[in-house]
Amino acid sequence: MKLVLLCLCIICHGMATVDGARAKVSGGKPRSSGTFNVKEYGARGNGRSDDTKAFLAAWNAACQSSGEVKILIPGGTYFLNPIEFNGPCRDGTLRATTDLRKYGNGKGWVEFRHVDGLTVTGGGTFDGQGAVSWPFNKCPKDKNCKVLPTSVKFVNTKDTVVRGITSLNSKFFHMALLGCHNFKGSGITISAPGTSPNTDGIHLEGSTGVTISSSRVATGDDCISIGQGNTLVTISGITCGPGHGISVGSLGRYKDEEDVKNVIVKDSTFTGTMNGVRIKTWANSPATTRVHNMTFDNLVMKNVDNPIVIDQTYCPYAKCDNSRASRVKLSDIHFKNIQGTTKRPEAVTLKCSKGTPCQKLSLHNINLKNIGSGGTFSTCLNAKAEYSGQIFPPPCQLAKIFLCPLHYCDAWVAKINEQDK
């Protein structure tokens, strides 16, 4: 495992360990297996002292061991100057404590803050050991719940590269990007059971210039969730499932939210997920925000419950305040070249806000078929969409009469688009 860090402040809530470092060295007798505490090598963990040499000393000592070892990073804030951790140690694992008392409310486990030019790569694993904590997660039923720790947070970083790492069984989100600029993630593997609560794969918020590509996400919530305040986001080459698909939102819950714009989701496959691609906003929004210029293109659905979803009455609880319509304005939303199979007959759901109906909504070359014996249909509410190319299921205006040919609806589409002008 290789970790390149530039001017880094590591905040470790609780206790982290790096397991499994092995190496062969020339000359001398390698130390037997054991635990290497960075503080025993001089680290202070006060957020001010330079702990670079201590971390390198602990790492090098571990690599000279002939057996299984652990690098122990006690709770604290560690300041590191530019540093490289190099093998031949391979496939190291950071393992989180399962003692929730070690974490503050809403805190992450491992956090990278205010870093320029950070690179994390090399095949290592962040093991959140979340199974012990999942029964304590009340968030699916209680909106005022205590949030469990996210495994890895990137906060206000610039020019970050994350490549070839694995996140396993997070307690809450696997990875979160908060206020980041120019973040490139690729070859990321995320794994948790489909029943694990709120284990979003990668969550984005307030970030600009984010690219996530060529990654596999299997989890119990959204494979990737794009929250408020994001712009210039490209998601591509994602293998998603199990999980809840790739979502924009949820949005419109808090008064200080910012717009979401210029998002592309493309060239990805969804297998056995609850949703494919989804935009979700709360009703009774406290402020007006915009979601615009989004494209979902070249996507394959395999036995997905809800392949295409716009839901502006999102409510994950038994009851929500729907006294006012959502004030999140959706415009320039485009679904293109989406094909595959669905487990439910309602393959396309476009439920826009009554107060601010969707604008400039389009669907092009959609072909979604029911894996069962029945057909598929579309549902629309406060949505006027333009259709082109191959459209199946038929557009919402035709859903009840089914006069459109099964595969090509060009004549009907042209007529509907003309009526909607």
Heavy-atom distance under 4.5 Å between the side chains of [X] and [Y], does that happen here?
X	Y	result
Asn37	Pro74	yes
Pro393	Leu368	yes
Val152	Val120	no
Trp282	Val328	no
Arg253	Lys143	yes
Leu251	Thr289	no
Thr281	Tyr314	no
Asn198	Pro140	yes

So, taking the atom named [atom1] in [X] and the one named [atom2] in [Y], what distance separates them when rounded to the nearest 0.5 Å?
X	Y	atom1	atom2	answer
Thr349	Ile308	OG1	CD1	9.0 Å
Lys138	Cys145	NZ	SG	10.5 Å
Ile391	His364	CD1	NE2	8.0 Å
Leu177	Thr157	CG	OG1	6.5 Å
Ile333	Leu350	CD1	CG	11.0 Å
Asn303	Lys343	CG	NZ	6.5 Å

Exercise for review: For the pair Phe154 and Phe112, name the ring-plane relationship: parallel under 30°, tilted 30 to 60°, perpendicular over 60°.
Suggested key: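 Phe154 and Phe112: parallel rings.
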
Exercise for review: Give the C-alpha distance, both sets of side-chain angles, the deciding distance and a yes or no for side-chain hydrogen bond (donor to acceptor under 3.5 Å, both in side chains) between His334 and Ser362.
Suggested key: CA-CA 5 Å; His334 310 288; Ser362 71; 2.6 Å; yes

Practice item. Begin with the C-alpha distance, continue with both residues' side-chain angles, and end with the deciding distance and a verdict on side-chain hydrogen bond (donor to acceptor under 3.5 Å, both in side chains) for Asp99 and Thr97. Key: CA-CA 5 Å; Asp99 185 355; Thr97 178; 5.4 Å; no

Within the distance-only criterion (no hydrogens, no angle test), does the side chain of [X] pair as donor or acceptor with the backbone N or O of [Y] below 3.5 angstrom?
X	Y	value
Ser247	Gly249	no
Ser196	Pro193	yes
Thr219	Thr199	yes
Glu111	Lys153	no
Asp51	Arg44	yes
Lys171	Gly128	yes
Glu258	Gln228	no
Glu40	Phe36	no
Thr342	Val304	yes
Asp297	Lys266	no

Smallest separation among heavy atoms of [X] and [Y], with atom names:
X	Y	value
Gln129	Asp127	N-OD1, 3.0 Å
Ala58	Val38	CB-CG1, 3.9 Å
Ser236	Ser268	C-OG, 3.9 Å
Ile238	Ser214	CD1-N, 4.5 Å
Arg95	Trp109	C-CZ2, 3.4 Å
Pro242	Cys223	O-SG, 4.2 Å

Practice item. Let me see the working for Tyr387 and Ile366 under side-chain contact (heavy atoms from CB on, under 4.5 Å), right down to the final yes or no. Key: CA-CA 9 Å; Tyr387 301 86; Ile366 308 297; over 6 Å; no

Review point. Checking side-chain contact (heavy atoms from CB on, under 4.5 Å) for the pair Val260/Met294: CA distance, chi angles, key distance, verdict?
Key: CA-CA 9 Å; Val260 182; Met294 294 196 171; 3.4 Å; yes

Practice item. Could you tell me whether Asp311 and Lys351 make a salt bridge, using a distance below 4.0 angstrom between a side-chain N and a carboxylate O? Key: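 So Asp311 does not pair with Lys351 through a salt bridge.
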
Review point. Should we count NZ of Lys302 as having more than 12 external heavy atoms under 6.0 Å?
Key: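 No, because the 6.0 Å sphere around NZ of Lys302 holds 12 heavy atoms or fewer from other groups.
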
Check your understanding: Testing Glu346, Arg344, His244 for side chain to side chain donor-acceptor pair (under 3.5 Å) with Asn306, which one passes?
Key ->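 Considering Glu346, Arg344, His244, a side chain to side chain donor-acceptor pair (under 3.5 Å) with Asn306 is found only for Arg344.
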
Exercise for review: Take Phe270 and Asn275 through the side-chain contact (heavy atoms from CB on, under 4.5 Å) test and state the conclusion after the steps.
Suggested key: CA-CA 8 Å; Phe270 304 77; Asn275 307 290; over 6 Å; no

Check your understanding: If you measure only the distance, is there a donor-acceptor pair under 3.5 Å linking the side chains of Ser225 and His203?
Key ->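 Present: a donor and an acceptor within the cut-off.
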
Review point. So, Asp159 and Asn182: side-chain donor and acceptor under 3.5 Å apart, yes or no?
Key: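 There is such a pair (donor and acceptor under 3.5 Å, judged by atom type) between the side chains of Asp159 and Asn182.
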
Review point. What's the verdict on side-chain contact (heavy atoms from CB on, under 4.5 Å) for Ile188 and Met175, showing C-alpha distance, side-chain angles and the deciding distance?
Key: CA-CA 10 Å; Ile188 298 170; Met175 294 177 59; 4.2 Å; yes

Review point. Can you pull the salt bridge (charged side-chain N to carboxylate O under 4.0 Å, His left out) pairs that have at least one residue in residues 204-222, sequence neighbours excluded?
Key: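 Of all non-adjacent pairs touching residues 204-222, those that pass salt bridge (charged side-chain N to carboxylate O under 4.0 Å, His left out) are Asp222-Arg278, Asp222-Lys280.
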
Exercise for review: Decide side-chain hydrogen bond (donor to acceptor under 3.5 Å, both in side chains) for Asn298 and Asn337; before the verdict, give the C-alpha distance in whole Å, the side-chain angles of both, and the deciding distance to 0.1 Å.
Suggested key: CA-CA 5 Å; Asn298 191 29; Asn337 306 311; over 6 Å; no

**Study point:** Steps toward side-chain hydrogen bond (donor to acceptor under 3.5 Å, both in side chains) verdict (Asp332, Asn293)
**Key:** CA-CA 5 Å; Asp332 291 292; Asn293 193 20; over 6 Å; no

